[in-house]
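These notes concern the structure reproduced below.
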Amino acid sequence: MLTAITNSWALLLGVAFLMLGNGLQSTVLGVRASIEGFSTEATGIVMTCYFVGYLVGSFITPKALSRVGHVRVFAALASLSSASALLHAVFIDPYAWAAMRLITGFCFAGLYIVAESWLNDSATNETRGQLLSIYMIVLYGCVALGQLMINISDPGSFTPFVLMSVVVSLALIPTALTAAQVPAFESPSPVSLRRVYGISPLGFVCAFGVGVAQAQIFGIGSIYGGELNMSPKDISLFMGAVSIGGVILQYPIGKASDAFDRRIVLIVVSLLAGVVALSLNLFSGPEATPMFLISSLLFGALCMPLYSLAIAHTNDRLDASEIVAATSALIVIGGVGAVIGPIASSFLIGEFGPNSFVYSLSLTLLMIGVFGVYRMTVRESVPIEDQGDYIGVPLESSTMVVTMTPEGEEWYEEVIAEAEAEAEAEAEQAFVQAHPELDLGDIEIAAESQTSEMLEDGPAFGDEVSDDGEEPEPKN
């Protein structure tokens with residue numbers, strides 16, 4: 001694990017800064033919207049726009065990457081996101097905020113794609129699984145820290161928006177100091193949603209439902225706390241507890257799903273998450289009491305692994321060649337659910353009060369469990385010995401996170417091999433046309449040299465460049 005961190009520390013540091021800014025922004029906006037007198041419904045629309053932008057960005061960014069490269073795309077999106085954070089304080093208006101959240105979601109989708117594809121390229125076969133685990137810890141941990149950063153500034157002032165902009169801008173430093181590009185990039189193409197549902201109805205419904213539930217928490221959680229008359233400090237503790245909980249049971253639940261019938265584990269976890277969600281109403285009030293925070297922590301610990309369980313359960317019914325495409329489709333399905341969750345929850349709060357937030361959250365998760373029970377009556381479970389390994393995947397990630405799984409690793413290596421072969425063929429053909437007088441041996445040597453130049457654009461993260469201009473030596 002130390003080797004994985006050493007080889008990728010710069011990129012992980014950049015991701016950490018991004019998540020600090022993202023966590024702070026999601027909490028501050030809900031609190032500030034209440035201070036400014038925005039209606040619950042208007043605030044819900046503002047928060048939903050982030051997930052709409054995220055879904056759009058996940059489809060558009062790969063095209064930009066193929067044209068201008070990872071460093072430029074990362075720098076442009078981080079700069080745009082940083083500027084967008086500041087503009088929230090300049091234009092205090094729901095329509096302006098909705099536009100800014102749309103831009104922010106678009107930017108973060110692209111930033112995740114760049115970070116995850118770059119992270120995968122910096123990993124080795126031995127460190128790829130460890131790196132994915134570290135990546136998840138950084139994501140959830142820094143989101144929690146970002147939410148707690150609201151306590152060092154007045155949410156009614158300009159200061160938290162400056163902090164958002166600063167921490168997102170700091171993410172540029174590790175990437176701007178390298179000229180490296182990923183040797184090849186190709187985002188997995190997801191299969192049709194109808195095909196995924198036919199393969200695993202429970203995996204489809206679970207991915208969609210978890211997208212709805214988790215977007216409710218991270219999009220509307222601060223609004224829910226405001227409706228309970230919680231202080232900004234208590235709201236940040238509530239949101240931070242849920243985020244930290246997302247890390248605690250990932251490994252134990254994953255190991256249990258590998259050792260027992262995965263469908264039963266998914267059903268039990270979703271039903272427990274639904275019941276624990278209901279307990280939030282028992283302990284809710286204007287203060288985040290210890291019991292309320294414990295319930296929040298336990299809810300996060302049960303709810304967050306459900307997304308990975310949905311992916312693992314679906315993959316159990318697939319051939320190895322289909323896993324990358326199907327997992328990418330499930331990520332898209334979760335994104336669609338994330339668009340629906342915040343806006344539906346905000347309208348329920350506006351119509352029926354803050355308790356409806358918890359009821360809708362609980363109902364969503366209980367319905368996943370009930371649907372799982374139904375599916376057990378119509379289809380036999382996959383034998384335990386035929387189940388694949390559980391791989392923890394965060395909901396707010398790109399399709400490129402798939403390449404860090406064992407199946408994705410094979411797919412990624414094929415993509416690299418094809419890209420290198422294509423580049424070599426193009427270089428050889430171009431050289432033949434330019435130098436018809438050379439023999440075959442000279443042509444092959446020159447073509448290999450040109451191919452290397454086409455695929456390498458500078459030192460990678462952690463690589464050192466000698467003072468005399470020699471080639472960098474990668475760290476192992």
Side-chain angles (χ1 to χ4, degrees), residues 19 22-30 33 40-58 97-98 101-102 104-109 112 139-140 143-144 146-147 204-227 235 238-243 245-246 270 273-274 277 280 296 299-300 302-311 330-350 354 356-368 393-398 401:
M19 301 319 298
N22 199 13
L24 176 61
Q25 187 171 126
S26 63
T27 301
V28 166
L29 290 182
T40 303
E41 293 83 355
T43 307
I45 293 173
V46 168
M47 295 303 192
T48 298
C49 283
Y50 172 86
F51 297 101
V52 174
Y54 191 94
L55 197 59
V56 173
S58 65
W97 280 23
R101 287 298 282 169
L102 190 72
T104 301
F106 178 90
C107 291
F108 269 86
Y112 283 128
L139 249 64
Y140 285 121
V143 164
Q147 289 159 343
F204 183 104
V205 169
C206 184
F208 178 81
V210 173
V212 172
Q214 291 193 22
Q216 281 183 268
I217 283 289
F218 292 110
I220 306 297
S222 58
I223 301 173
Y224 165 68
E227 290 290 316
I235 291 174
F238 161 53
M239 297 296 294
V242 175
S243 299
S270 60
L280 293 174
S296 302
F299 172 78
L302 291 168
C303 182
M304 301 307 169
L306 278 171
Y307 187 62
S308 300
L309 284 174
I311 292 176
L330 288 173
I331 290 175
V332 173
I333 293 165
V336 174
V339 171
I340 297 172
I343 192 169
S345 184
S346 64
F347 275 84
L348 287 172
I349 291 175
S356 63
F357 169 81
V358 172
Y359 293 140
S360 63
L361 198 60
S362 176
L363 181 62
T364 301
L365 296 168
L366 291 174
M367 287 177 66
I368 294 173
V393 178
L395 175 67
E396 198 166 318
S397 60
S398 76
V401 79

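Please read all numbers here as calculations on a predicted model, not as lab measurements.
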- Would you say Ser362's side chain and Gly274's backbone share a donor-acceptor pair under 3.5 angstrom? yes
* Asked: Can you check side-chain contact (heavy atoms from CB on, under 4.5 Å) on Leu280 and Ser296, steps first, answer last?
  -> CA-CA 7 Å; Leu280 293 174; Ser296 302; 3.6 Å; yes
Here the pair of heavy atoms bringing Ser222 nearest to Gly30 is OG-CA, 3.3 Å
Taken to the nearest 0.5 Å, the spacing of Leu29 CG from Gln25 CD works out to 5.0 Å
Run the side-chain contact (heavy atoms from CB on, under 4.5 Å) test on Leu306 and Leu365 for me, step by step, so that the C-alpha distance in whole Å, both residues' side-chain angles and the decisive distance to 0.1 Å come before the verdict. CA-CA 10 Å; Leu306 278 171; Leu365 296 168; 3.8 Å; yes
dist Met304:CE -> Leu309:CG (nearest 0.5 Å) comes out at 13.5 Å
_Whether Thr48 side chain and Gly44 backbone form a donor-acceptor pair below 3.5 Å_ = yes
*Leu330 vs Ile333 side-chain heavy atoms within contact, under 4.5 Å*: yes
CZ (Arg101) and CE (Met47) are apart, to the nearest 0.5 Å, by 5.5 Å
May I ask you to decide if the ring planes of Tyr224 and Phe357 are parallel, tilted or perpendicular, using 30° and 60° as cut-offs?
parallel
Between the CG atom in Leu348 and the CD1 atom in Ile343, the distance rounded to the nearest 0.5 Å is 11.0 Å
The reported gap from OH in Tyr54 to CZ in Phe106 (rounded to nearest 0.5 angstrom) is 12.5 Å
_In the structure I gave you, are the side-chain heavy atoms of Met239 and Val242 within less than 4.5 Å of one another anywhere?_
no
Are any of the side-chain heavy atoms of Ser346 and Thr43 separated by less than 4.5 Å?
no
By ring-ring contact (aromatic ring centres under 6.0 Å, His included), Phe208 pairs with (sequence neighbours left out) none
Between Val212 and Gln216, is any pair of side-chain heavy atoms under 4.5 Å apart?
yes
Heavy-atom closest pair (Ser345 atom, Ile220 atom, distance to 0.1 Å) is OG-CG2, 4.0 Å
Of all heavy-atom pairs linking Phe218 and Ser26, the shortest is O-CB, 3.8 Å
- prompt: Less than 4.5 Å apart, any side-chain heavy atom of Leu102 and any of Tyr50?
  reply: no
### Message
Would Phe51 and Ile340 count as a side-chain contact (heavy atoms from CB on, under 4.5 Å) here? Give the steps.
### Response
CA-CA 9 Å; Phe51 297 101; Ile340 297 172; over 6 Å; no
When every non-hydrogen atom of Val210 is compared with those of Cys303, the smallest separation belongs to CG1-O, 4.3 Å
- Any side-chain heavy atom of Gln147 sitting closer than 4.5 Å to one from Phe238? no
Residues Tyr307 and Gly334: closest non-hydrogen pair is CE1-CA, 4.4 Å
